[in-house]
2 protein chains.
Amino acid sequence: MSSTIPAPERNTPRQPLSRREVIDAAIGIVDTQGFDALSMRGLAQELNVYPSAIYWHAGNKAQLLSLVYQRLMEDIQLPDPETLSWDEWILTSASAVRTEFGKHPDLAARWGSQLQVTSSGLEFAEQVLKVLSRGGFSDVQLPLAYNTVSAAIFGWITAEFATEPADAEEEWRTYLEKHVSESITQLPTINQHRNSLLNQAFSLRWESGQKAPLKASFEFSMRVMVEGLKRLKV
Amino acid sequence: MSSTIPAPERNTPRQPLSRREVIDAAIGIVDTQGFDALSMRGLAQELNVYPSAIYWHAGNKAQLLSLVYQRLMEDIQLPDPETLSWDEWILTSASAVRTEFGKHPDLAARWGSQLQVTSSGLEFAEQVLKVLSRGGFSDVQLPLAYNTVSAAIFGWITAEFATEPADAEEEWRTYLEKHVSESITQLPTINQHRNSLLNQAFSLRWESGQKAPLKASFEFSMRVMVEGLKRLKV
DNA sequence: ACCTGAACACCGTTCAAGT
DNA sequence: ACCTGAACACCGTTCAAGT
């Protein structure tokens, strides 16, 4: 009856923590509890280690976030450049990026704040530049076109998945809905198109893209970008 | 010799704090010390009050940030819709937004994370919608075109001013520069156009738009958007 | 190499109490 | 109405020390 078998302190008799485990756990926390819920201490607890163990594997919090975004970039499945025309390739790629980041809306919403030179970012750039170059953009236009494509895709996603404050209770949400509905009676154009705008247009939404996707607008926006590029290509 | 005049604890024999003062001080801290340096406690100290005084005027930190972004939106000087064609109005407005947010790059970089229905946001939307409507966009296209314009402008700015990590020392910067320069030797298209891409294209920059503006790309990007809209307008 | 254990210097937020 | 003063429950990060 005496306890001969000591209870294991951890569910798995763990082998050393890996950087990958740390990154995955961080993504998991953001996805389930929100961006603001990610803390080095909470992450350590989740992994049954002391906080300083995290620092050993992933540097500090800023570097950890950089690694997280690298991971997401790596998971994006870009289409084959050989089988598509440049404009079709861009449209397909844009959808692929949106699909991947749509799985992690709280991270997508903060993509903007990340300016980091990463290997996965460089490979994405190489791909886009190659396709545009083959598409016939001149040497002077190439950087301009590339920046346009990048900003159009990632800028859109940042905006679409921008998150409501985490502490927004149901009460607050219904208040917002009411507030918008009332304010716009003073704004004739909005009011006239209220049915097609409410909760479906920027500044007029009370839910993020996670709950109220803007798929039609996204596709229109990407087509606008591609058609504009065609027209300005020299 | 005895001190008869008590030293004032504050430089001004202050009248009550105003919400506006709090917001202005918050913007000041972000502009001078960076986004991460903004804390409710630091802000309180700057204003010579206890932290709880801030809460009285501006709610919590999330609400304070919302107020900050409202303030920036209000400061944007949009052109007169009567004197310009719809496409010129959009190009001029886009530049106005970029100019205003360029004064506060650390806030611009985090614009994306803000999803809040605000009165200044609604007014911006009304203006854009009015111009597009007069421009001849159909009822079904109006929300799509509006979302496209909004995301193109604000998404771009978020990306352009995305900030490097605050703790980036000079050493780190030169390391990045070297790292990029070396990595791209394996990436033929990037390598071929390295002179026009390095520090001037997304994912290939080691400085934010504050230090290395992307003005030419911004203007090209906005023209692409406008030309695309013209082409898809029905 | 990988992690423990503890410490330091901070945070955001709440709340009773003052004036 | 506007703020003080103090408390609570957290943070990120560092560093010596262990194995």
Side-chain angles (χ1 to χ4, degrees), chain A residues 6 8-26 29-30 33-68 106 110 113-114 163-169 172, chain B residues 6 8-26 29-30 33-68 106 110 113-114 163-169 172:
Chain A
E9 281 189 322
R10 295 159 183 166
N11 15 15
T12 29
R14 131 159 24 248
Q15 41 188 138
L17 202 59
S18 71
R19 169 177 279 200
R20 182 170 188 110
E21 273 182 279
V22 173
I23 296 170
D24 286 344
I29 289 175
V30 175
Q33 293 159 257
F35 189 86
D36 293 337
L38 177 64
S39 74
M40 299 299 268
R41 298 178 98 107
L43 180 56
Q45 201 165 26
E46 187 88 5
L47 293 164
N48 287 115
V49 295
Y50 276 77
S52 30
I54 306 293
Y55 285 80
W56 202 91
H57 287 283
N60 61 21
K61 192 174 183 182
Q63 289 176 256
L64 171 63
L65 271 174
S66 174
L67 293 170
V68 162
D106 257 42
R110 270 100 180 167
S113 350
Q114 282 298 118
T163 45
E164 52 254 84
D167 59 344
E169 314 95 10
W172 174 246
Chain B
E9 283 190 320
R10 296 160 181 164
N11 15 13
T12 30
R14 131 158 25 246
Q15 39 187 143
L17 203 58
S18 72
R19 167 177 283 199
R20 179 168 193 113
E21 273 181 280
V22 173
I23 296 170
D24 285 344
I29 289 174
V30 175
Q33 293 159 258
F35 189 86
D36 293 337
L38 177 63
S39 74
M40 299 299 268
R41 297 177 99 106
L43 180 56
Q45 201 164 26
E46 187 88 7
L47 293 164
N48 287 114
V49 293
Y50 277 77
S52 32
I54 306 292
Y55 284 80
W56 202 91
H57 287 284
N60 59 21
K61 193 175 183 182
Q63 289 176 257
L64 171 62
L65 271 174
S66 173
L67 293 169
V68 162
D106 256 41
R110 271 101 179 165
S113 350
Q114 283 295 119
T163 45
E164 53 252 83
D167 58 346
E169 314 95 10
W172 173 245

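Just so it is clear, the model here is predicted, and its values are computed rather than measured. Note that these values count all heavy atoms, side chains included, but never hydrogens, waters or copies made by symmetry. Per chain, numbering begins at 1; letters A, B, ... match sequence-line order.
Base-pairing analysis of DNA chain D finds the following stems of at least three consecutive Watson-Crick or G-U pairs, with both pairing distances under 3.5 Å: C:4-8 with D:12-16, C:12-16 with D:4-8.
Checked against side-chain contact (heavy atoms from CB on, under 4.5 Å), B:Ala53 has the following partners two or more places apart in sequence or in another chain: B:Val49. In this structure, the salt bridge (charged side-chain N to carboxylate O under 4.0 Å, His left out) partners of A:Arg20, at least two apart in sequence or on a different chain, are A:Asp24.
Rounded to an integer number of Å, the gap from B:Met40 CE to D:dC11 P is 18 Å. Separating the NZ atom of A:Lys61 from the P atom of D:dC11 is a distance of 9 Å, rounded to the nearest angstrom. Whole-Å rounding puts the B:Gln45 CD to C:dG12 P distance at 12 Å. To the nearest angstrom, P of D:dC11 lies 15 Å from CZ of A:Phe35. Atom pair A:Ile54:CD1 and C:dC2:C1' shows a separation of 12 Å (rounding to whole Å applied). To the nearest angstrom, P of D:dT13 lies 17 Å from NE2 of A:His57. Regarding A:Leu64, its CG atom lies at a distance of 10 Å from the P atom of D:dG12, rounded to whole Å. Rounded to a whole Å, the CG atom of B:Asn60 is 17 Å from the C1' atom of D:dA9.
Comparing the same atom, P, in D:dA9 and in C:dA9 gives a spacing of 22 Å after rounding to whole Å.
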Enumerate all atom pairs, one protein N or O and one N or O from nucleotides 5-7 of chain C, separated by less than 3.5 Å.
{"residue": "C:dG5", "atom": "OP2", "partner": "A:Tyr50", "partner atom": "OH", "Å": "2.9"}
{"residue": "C:dG5", "atom": "O6", "partner": "A:Ser52", "partner atom": "OG", "Å": "2.6"}

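The CG atom of B:Leu47 sits 6.5 Å away from atom CD of B:Glu21, with the distance rounded to the nearest 0.5 Å. Note that OG of B:Ser66 is 14.5 Å distant from NZ of B:Lys61, once rounded to the nearest 0.5 Å. Within the model, atoms CD1 of B:Ile54 and CD of B:Glu46 stand 10.0 Å from one another, a figure rounded to the nearest 0.5 Å. Atom CG of B:Leu64 sits about 6.0 Å away from atom CG of B:Leu38, to the nearest 0.5 Å.
Although no hydrogens or angles enter the test, the distance criterion places a donor-acceptor pair under 3.5 Å between the side chain of A:His57 and the main chain of A:Leu17. The backbone N or O of A:Val30 lies less than 3.5 Å from no partner atom in the side chain of A:Asp106, so there is not a single donor-acceptor pair.
Toward the 5' end of DNA chain C, the nearer of the two residues B:Ala37 and A:Ala53, judged by each one's closest nucleotide, is A:Ala53. For the pair A:Ser39 and B:Trp56, both in contact range of DNA chain D, the more 5′-proximal nearest nucleotide belongs to B:Trp56.
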key: Trace of the side chain to side chain contact (heavy atoms under 4.5 Å, CB included) decision for A:Leu65 with A:Arg110   = CA-CA 10 Å; A:Leu65 271 174; A:Arg110 270 100 180 167; over 6 Å; no
